[in-house]
Student: 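One structure follows; several queries about it will come next.
Keep in mind it's a predicted model, so treat the numbers as computed, not measured. As a basis for the values below, the full set of heavy atoms in this structure was taken, side chains included, without hydrogen atoms, waters or symmetry mates.
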Amino acid sequence: QVQLVESGGGSVQSGGSLRLSCAVSTSTSSSYCMGWFRQAPGKEREGVAAIYTTTGAIYYADSVKGRFLISQDNSKNTLYLEMSSLEPEDTAMYYCAAEERAPTMTRIQGLGVNIYRLWGQGTQVTVSS
């Protein structure tokens, strides 16, 4: 079974940067929807960024656009989330998700939880003011 393992979380001050990594236990060069999600205490899980590996289409939540960058390295089977200009509101558990053999991915699909069947355990990001 495909496994996703996140790393790179931590505690930073407002304005700081972090890079999250998601190691995938299989090749990501095939048709995958891959996304980063976050969940703060008492809130629903929300999509942050998503990438459709077939076309390279990328989508971001409005709240992170211009500050976060999603990318993938197929040679390492790894998904990344570069986060900059972090704000206390970005504090959450961050999860990597994947769905293989996806025929397509729209923005709504990519940033929604419903299409993803594979999830990592999460990595905590804490931003202090």
Student: Quick test of your reading: applying side chain to side chain donor-acceptor pair (under 3.5 Å), list the pairs with at least one residue in residues 79-90, sequence neighbours left out, ordered by first then second residue.
Tutor: Arg38-Asp90, Arg67-Asp90
Student: Donor-acceptor check, side chain of Tyr52 to backbone of Pro103, threshold 3.5 angstrom: yes or no?
Tutor: yes
Student: Restricting to salt bridge (charged side-chain N to carboxylate O under 4.0 Å, His left out), what partner residues turn up for Lys65, sequence neighbours left out?
Tutor: Asp62
Student: Residues in ring pair (Phe, Tyr, Trp, His ring centres under 6.0 Å) with Phe37, at least two apart?
Tutor: Tyr116, Trp119
Student: Going by the side chain to side chain donor-acceptor pair (under 3.5 Å) test, which pairs reach into residues 4-20, not counting sequence neighbours?
Tutor: none
Student: Which residue pairs pass the disulfide bond (SG atoms under 2.5 Å apart) test with at least one member in residues 99-129, sequence neighbours excluded?
Tutor: none
Student: May I ask you to test the Val125-Thr91 pair for a side-chain heavy-atom distance under 4.5 Å?
Tutor: no
Student: Quick check for you: to the nearest 0.5 Å, what is the distance between Met105 atom CE and Thr53 atom OG1?
Tutor: 9.0 Å
Student: I want to check something: taking the side chain as every heavy atom from C-beta on, are Leu20 and Thr123 in contact at a cut-off of under 4.5 Å?
Tutor: yes
Student: Could you pull out the closest heavy-atom pair between Ala98 and Tyr32, with the gap in Å?
Tutor: CB-CD2, 4.1 Å
Student: Can you name the residues that form a side chain to side chain contact (heavy atoms under 4.5 Å, CB included) with Ser129, not counting sequence neighbours?
Tutor: Pro88
Student: Could you tell me if the side chain of Met34 sits less than 4.5 Å from the side chain of Val24, heavy atoms only?
Tutor: yes
Student: Using side chain to side chain contact (heavy atoms under 4.5 Å, CB included) as the criterion, list what pairs up with Ile108, not counting sequence neighbours.
Tutor: Thr106
Student: Could you note down all residue pairs passing salt bridge (charged side-chain N to carboxylate O under 4.0 Å, His left out) where residues 111-129 supplies at least one of them, sequence neighbours left out?
Tutor: Glu99-Arg117
Student: Linking I/L/V/M/F/W/Y whenever any side-chain heavy atoms sit under 4.5 Å apart, do Val5 and Tyr94 land together?
Tutor: no
Student: Please report the interatomic distance CD(Gln1) to CG(Leu118), rounded to the nearest 0.5 Å.
Tutor: 7.0 Å
Student: Distance from Trp36 atom CH2 to Ile51 atom CD1, nearest 0.5 Å?
Tutor: 12.5 Å
Student: Heavy atoms only: give me the nearest Ala40-Ala92 pair and the separation to one decimal.
Tutor: N-CB, 3.8 Å
Student: Restricting to non-hydrogen atoms, name the atom on Ala49 and the atom on Leu81 that form the minimum distance, rounded to 0.1 Å.
Tutor: CB-CD1, 4.1 Å
Student: Going from OG1 on Thr104 to CD1 on Ile115, what distance comes out if it is rounded to the nearest 0.5 angstrom?
Tutor: 9.0 Å
Student: Does anything in residues 35-112 pair up under disulfide bond (SG atoms under 2.5 Å apart), and if so which pairs, sequence neighbours excluded?
Tutor: Cys22-Cys96
Student: My understanding is that only residues two or more places apart in sequence, or in another chain, count here; which of them pass side-chain hydrogen bond (donor to acceptor under 3.5 Å, both in side chains) with Gln121?
Tutor: none
Student: Filter on disulfide bond (SG atoms under 2.5 Å apart), then keep only pairs touching residues 39-75, sequence neighbours left out; what's left?
Tutor: none
Student: Answer yes or no: is there a donor N or O on one side and an acceptor on the other, between the side chain of Thr78 and the main chain of Lys76, under 3.5 Å?
Tutor: yes
Student: What residue pairs, at least two apart or across chains, pass disulfide bond (SG atoms under 2.5 Å apart) with a residue in residues 46-77?
Tutor: none
Student: What distance do Ile70 atom CD1 and Tyr60 atom OH have between them, rounded to the nearest 0.5 Å?
Tutor: 6.5 Å
